[in-house]
Amino acid sequence: MHRKFLIAGNWKMNNGITDSVALVDAIKKRTMEVRFVDMLVCPPFIALGAAYGAAAGSLLKIGAQNMYHEAKGAFTGEVSFSMLRDCNVSYVILGHSERRTIFDESDEFINKKVCVALENNLLPILCIGETEAEREKGATFEVVEKQLKGCLENVSSKRAKDLTIAYEPVWAIGTGKTATPEIAQEVHSFIRGKLVEIFGKNVANSVRILYGGSMKAANVEALLSQPDIDGGLVGGASLVAEEFCSMIEVAEKLSL
Ligand code: PGA
């Protein structure tokens with residue numbers, strides 16, 4: 001079954017308004033001809049509106065890197081789904097490993113956000129993945145299954161079709177160590193199998209599973225050539241227009 005590739009840039013805490021607009025402009029110019037790949041950038045909250053404005057007239061979508069599950073109220077420092085909707089955000093990254101480790105986010109907490117995003121027409125990109133220590137002790141599948149099930153509790157099959165999963169082995173994030181295409185495919189196929197168990201075959205076959213962790217122009221083709229790798233969640237390499245656009249072009253070439 002063919003799933004449309006999604007190449008998503010996670011800018012993390014990089015680029016204010018001026019730099020975000022410049023980067024969106026550069027990506028937009030270079031990707032005007034791209035038709036068969038979904039393209040997304042996720043700037044910091046404060047630059048979402050400006051990035052959306054800069055992307056006007058192109059197919060480049062804007063996403064957020066996190067959100068809070070309540071609509072409004074006394075939650076100092078948080079940003080709600082309705083505020084993201086107001087900024088014309090289409091996707092929201094949830095449960096990134098930096099949120100889990102630095103900000104102590106649990107599967108239960110992430111689950112609340114996944115449900116709220118799905119109920120409010122925001123497309124969640126749910127991140128899961130094992131640490132180096134977990135992989136070394138052979139716990140990869142166990143960890144990934146626990147995160148997946150914990151974060152998807154109470155999600156109906158009807159809503160689940162709007163999900164994107166990102167498999168991001170923590171040991172590969174920002175380290176330059178990429179999972180080999182075979183290692184990544186093994187986990188992606190495991191995740192797909194779990195999605196079949198939870199939501200049934202039709203939904204599981206339509207959900208995109210992105211790979212994330214030191215993905216770049218030099219390794220994107222080998223990764224995207226695997227049957228269960230449906231795109232990438234790209235950190236460092238998404239901050240350079242040339243590099244990010246080369247990755248999109250590889251995905252476009254593989255889609256023709
Ligand atoms: P990286 O980050 O591409 O810099 O490894 C990926 C991510 O954290 O989403």
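In each ligand, atom 1 is the first atom listed, and ligand 1 is the first ligand listed.
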- [ ] Check whether any side-chain heavy atom of Ile128 lies under 4.5 Å from a side-chain heavy atom of Arg100, and answer yes or no.
- [x] yes
Task: Protein residues having a heavy atom less than 4.0 Å from any atom of ligand 1 - done: Asn10, Lys12, His96, Glu168, Ala172, Ile173, Gly174, Gly213, Ser214, Leu233, Val234, Gly235, Gly236
TODO: May I ask you to decide if the ring planes of His69 and Phe109 are parallel, tilted or perpendicular, using 30° and 60° as cut-offs?
DONE: perpendicular
Task: Basic-acidic side-chain contact under 4.0 Å: Lys12, Glu98 - done: yes
TODO: Give the other cluster members for Val240, using side-chain heavy-atom distances under 4.5 Å between Ile, Leu, Val, Met, Phe, Trp and Tyr residues; answer none if it is isolated.
DONE: none
Open item on the list: Are there over 12 heavy-atom neighbours, none belonging to Glu182, within less than 6.0 Å of that residue's CD?
Closed with: yes
- [ ] Determine whether the side chains of Glu105 and His96 contain a donor N or O and an acceptor N or O closer than 3.5 Å.
- [x] no
